[in-house]
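Data first, discussion second: the structure below is written as structure tokens.
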Amino acid sequence: MKITMGAVLLSMMFSGLNAQSLKSPDGKFEMNFQLNNGVPFYNLKYNGATVVEDSKLGLRLFKDTSVQFSSEITKTEDAKFDLNNDFVKTSEKRDSKNEIWQPVLGEKKNYISHYNELAVTLNQSSTDRSIVVKFRLFNDGLGFRYEFPQQKNLNYFVIKEEDTEFDFPTDMKAWWMVADYDSQEYKYQETNVSEIPARWDKAFDSNASQKLIKNAVQSPLMLKKVGKEPLYINIAEAAVLDYAASHLEVDAQNFKFKTHLTADRQGAKGYIQTPSVTPWRTIIVSPKAEDLMDSKMLFNLNEPTKYTDTSYIKPTKYMGVWWEMIIGKAQWAYSTADNVHLGVTDFSKLTPNGKHAANNKRVKEYIDFAAANGFDGLLIEGWNIGWEDWFGHSKEYVFDFMTPYPDFDIKMLNEYAYSKGLKLIMHHETSGSATNYERWADQAFQLMNKYGYTSVKTGYVGDIIPRGEHHYSQWMINHYYRIVEKANDYKIMVNSHESVRPGGESRTYPNYISAEAARGTEYEAFAGNNPDHQTILPFTRWMGGSMDYTPGIFQTKLDYYFPGDKRFVKTTLAKQLALYVTMYMPLQMAADLPENYAKHIDAFQFIKDVAADWDDTKILSAEPGDYVVTARKAKGTENWFVGGITDENKRDYTVDFSFLDKNKKYEAIIYEDGKDADYINNPQSYNIYKKQITSKSKINFKMARSGGFAVSIKPVK
């Protein structure tokens, strides 16, 4: 435990008459705010015990809005421009709210937002500038942000850094990944906070675009106080709009984290015009991992949507011409050329490479299979010209999002898909060239409207253009939402890849149906995902919104395609089924090849049956890095689905079905690991059987190493 004289003195000061205290609606949480010699601090307690020690608040600013390169601008004399000291409290305002709202798509039909609020107005005496620090205390934790009213001495400013702190009293277990301005596609590490620096240099591999932040980690960050009275803590951010995404610098010796915003080329981290607000900093706390994972605080801290029509936003189950390119069986590019010029190159005269996957014959095969099995959509990557030299050349005019390759008949294929009740899903890879995408977006969406596409997968592989911006800098955050808003104008849903992680913004922008923003299934064909990866993501990446994880790989050994290839998907087939329940995905992909599903059509039935939108979700049991068991009730039905997954360890778990209606009988179809299943030695061993159950039933499951189980439940009529 860390105890300092300064902490003791500050704690005494917090108990004084000048402290502002706020309690959660259920009284279990208490937040205290205090100025100490003009410097703002807060702390947080749960059931009387300190969760967050006295932690500083504030921002550092540049002296004016004309920013030079970062090497020229760090000057101690500029500190007088900061918004982190010399404050006096001028007023406070309290409020509370208890509301129920319905997400357009969600894990539950109703989300409850119940909080008490304290807004403290601070005036900086030396500059006569005022800011507001607003706190909202829920029954599951704390959210707070800075607000900047428009005023004479604070109209425009540039942020050098936000110095919000999260200071913890003890060392804790942490599930973390290295911080990066451009990627979240790293393996999670499990260490104590004190051990993060020692592990940090070994915790990352190369990426298509990479700007690492030494000894910093990404949020959401999952922590656990281990002991007789365990406590689970999650640090994240919500409503990241017109602001840079943040990371967390680690003070391992003092168990402290500090906000680190994504910079642009000049070292600036935010260009602000008042009135303005920052994202919410969030601290979710629970003695139960299941309750923390179930928190909807990040969504509750976002504003309701201003969209007048959300009828086009629908859960979507899809297949894709994708996995065969990821594993190297086919290609995105059409020709053997390595230097093409859009508008100049005649692609019909180029030599085909013979491996282009998005061709009429292959796409029709996918359409036939997806339509015959009740899917809503088919994603087709590599349909448009430009893939020959799309990556690694800092090429701005890289795609036009309009022109198909010679072997892709966009009109014919759309008509063919529609004749079978299937919609095609557009793919817009930008190669990081956001400026080019914004120039083409209207025409590209008009083309989608012409052919009846209702959803688009965007991609941002590689370094960002405008050059010097990063994937999570303020300019790019604004770009993502410019595209989302424009897509809404054309009634199009967006699924973004290599974009910023979500922080509950789908409440405001419900057509932003999903994102990648973490290491997904594709990495199983690259550097691999650890068996515990899928048990950590629900506590981190999923806290603020859906991920397009692209599960459903049945042929897990890649030596099936390439003899001697040692790559493999590190799960059993049954675990792949369970992911459709443990991971919330309203845009839900069956990622494997049709011919692999045809060989296991009995197991494929679960993917066909499982819902993508829900009336209720219950986290039955969970422990980050170990296991997750989830039950969900399909939207508008009495059907339930249960999924359970484990890490590299075998595990027994007994499902108690007491969540079912006590007056009904149900038929359960169970999909489980076979007795000899093993993710390395026998991943395709599974067992399927039917059983009649009631709310009093209990079933024991034996999960193999990196295995799982899935259950489909329907009332008996």
Side-chain angles (χ1 to χ4, degrees), residues 208-209 319-368 378-417 424-448 450-451 453 456-465 467 497-498 522 525-526 561-562 593-594:
S209 185
M319 295 185 68
V321 184
W322 176 76
W323 183 242
E324 60 187 271
M325 288 98 85
I326 292 293
I327 63 177
K329 190 172 182 286
Q331 293 183 14
W332 286 268
Y334 164 76
S335 78
T336 59
D338 62 0
N339 186 320
V340 297
H341 296 264
L342 273 63
V344 177
T345 300
D346 185 347
F347 284 84
S348 68
K349 295 180 179 179
L350 297 179
T351 303
N353 60 31
K355 289 190 173 183
H356 182 229
N359 65 77
N360 293 333
K361 180 177 180 295
R362 183 59 169 151
V363 171
K364 288 178 76 173
E365 291 173 354
Y366 272 91
I367 290 172
D368 289 344
L378 177 70
L379 168 73
I380 306 163
E381 297 200 5
W383 69 275
N384 56 324
I385 61 173
W387 286 91
E388 282 77 5
D389 63 353
W390 73 285
F391 175 73
H393 304 298
S394 194
K395 182 178 179 181
E396 184 176 23
Y397 185 22
V398 62
F399 294 112
D400 69 6
F401 313 101
M402 301 285 292
T403 310
Y405 276 122
D407 61 347
F408 186 88
D409 188 332
I410 188 171
K411 182 176 184 297
M412 179 274 290
L413 289 170
N414 272 275
E415 290 175 352
Y416 187 74
L424 300 188
I425 296 174
M426 183 57 75
H427 183 229
H428 289 166
E429 175 56 60
T430 68
S431 189
S433 184
T435 49
N436 182 55
Y437 190 35
E438 291 198 13
R439 281 194 290 270
W440 283 97
D442 277 298
Q443 294 176 70
F445 291 156
Q446 288 164 12
L447 181 77
M448 289 179 62
K450 175 181 177 181
Y451 288 115
Y453 288 89
V456 61
K457 175 184 175 181
T458 62
Y460 295 88
V461 175
D463 294 336
I464 294 297
I465 299 175
R467 299 171 183 91
H497 279 231
E498 298 86 31
E522 64 183 357
F526 304 157
Y561 311 101
F562 316 107
L593 310 185

Specify the closest pair of heavy atoms between His427 and Ile380, including all atoms of both residues, with the distance to one decimal. CB-O, 3.6 Å
Test item: Thr403 side-chain N/O and Ile385 main-chain N/O as donor-acceptor pair under 3.5 Å: no
Checking the side chain of Thr430 only, and the main-chain atoms of Gly459 only, is there a donor and an acceptor separated by less than 3.5 Å? yes
Working note: Phe562 + Lys329, criterion side-chain contact (heavy atoms from CB on, under 4.5 Å); need CA distance, chi angles, decisive distance, verdict. CA-CA 9 Å; Phe562 316 107; Lys329 190 172 182 286; 4.2 Å; yes
To the nearest 0.5 Å, tell me how far Tyr366 OH sits from Leu379 CG. 10.0 Å
Return the CD to CD distance between Gln331 and Glu388, rounded to the nearest 0.5 Å. 9.5 Å
With a 4.5 Å cut-off on side-chain heavy atoms, are Ser394 and Arg467 touching? yes
Verify whether one side chain among His356 and Tyr405 offers a donor that lies under 3.5 Å from an acceptor in the other. no
To the nearest 0.5 Å, atom CG of Leu378 lies from atom NZ of Lys364 at 13.5 Å
Non-hydrogen atoms of Gly462 and Phe391 that approach each other most closely: CA-CE1, 3.9 Å
Within-4.5 Å side-chain heavy-atom neighbours: Asn414 and Tyr453: yes
Return the orientation label for the Tyr397 and Trp440 ring planes: parallel under 30°, perpendicular over 60°, tilted otherwise. parallel
For a side-chain contact (heavy atoms from CB on, under 4.5 Å) check, start with the C-alpha distance between Leu424 and Ile367, then their side-chain angles and the critical distance, and finish with the verdict. CA-CA 9 Å; Leu424 300 188; Ile367 290 172; 4.2 Å; yes
Given the rule in the side-chain contact (heavy atoms from CB on, under 4.5 Å) test, do Asp368 and Tyr416 qualify, once you have shown the distances and angles that lead to the verdict? CA-CA 9 Å; Asp368 289 344; Tyr416 187 74; 2.5 Å; yes
Does any non-hydrogen side-chain atom of Val321 lie less than 4.5 Å from one of Trp383? no
Rounding to 0.5 Å, atoms CZ (Arg439) and OG1 (Thr435) come to a distance of 5.0 Å
Closest approach of Phe401 to Asn436 (non-hydrogen atoms, all atoms of both residues): CE1-ND2, 3.8 Å
Any donor-acceptor pair under 3.5 Å linking the side chain of Asn360 with the backbone of Asp409? yes
When the ring planes of His428 and Tyr437 are compared, do they come out parallel, tilted or perpendicular, using 30° and 60° as the limits? perpendicular
I would like to know whether Trp387 and Phe399 meet side-chain contact (heavy atoms from CB on, under 4.5 Å); could you show each step before the answer? CA-CA 8 Å; Trp387 286 91; Phe399 294 112; 3.7 Å; yes
Is there a donor in the side chain of Thr336 and an acceptor in the side chain of Asn353, or the other way round, less than 3.5 Å apart? no
Does Asp338 CG have over 12 foreign heavy atoms under 6.0 Å away? no
What is the distance from atom CG of Asn339 to atom NE2 of His393, rounded to the nearest 0.5 Å? 8.0 Å
Tell me which one of Glu381, Glu498, Glu429 satisfies salt bridge (Lys or Arg N to Asp or Glu O under 4.0 Å) with Lys457. Glu381
So, for Val363 and Ala357, which heavy atoms are closest and what is the spacing to 0.1 Å? CG2-O, 4.4 Å
Between the OH atom in Tyr561 and the CG atom in Leu593, the distance rounded to the nearest 0.5 Å is 4.5 Å
So which atom in Leu350 and which in Val340 form the shortest heavy-atom distance, rounded to 0.1 Å? CD1-CG1, 4.3 Å
Between Lys395 and Ser433, the two heavy atoms sitting closest are O-CB, 4.2 Å
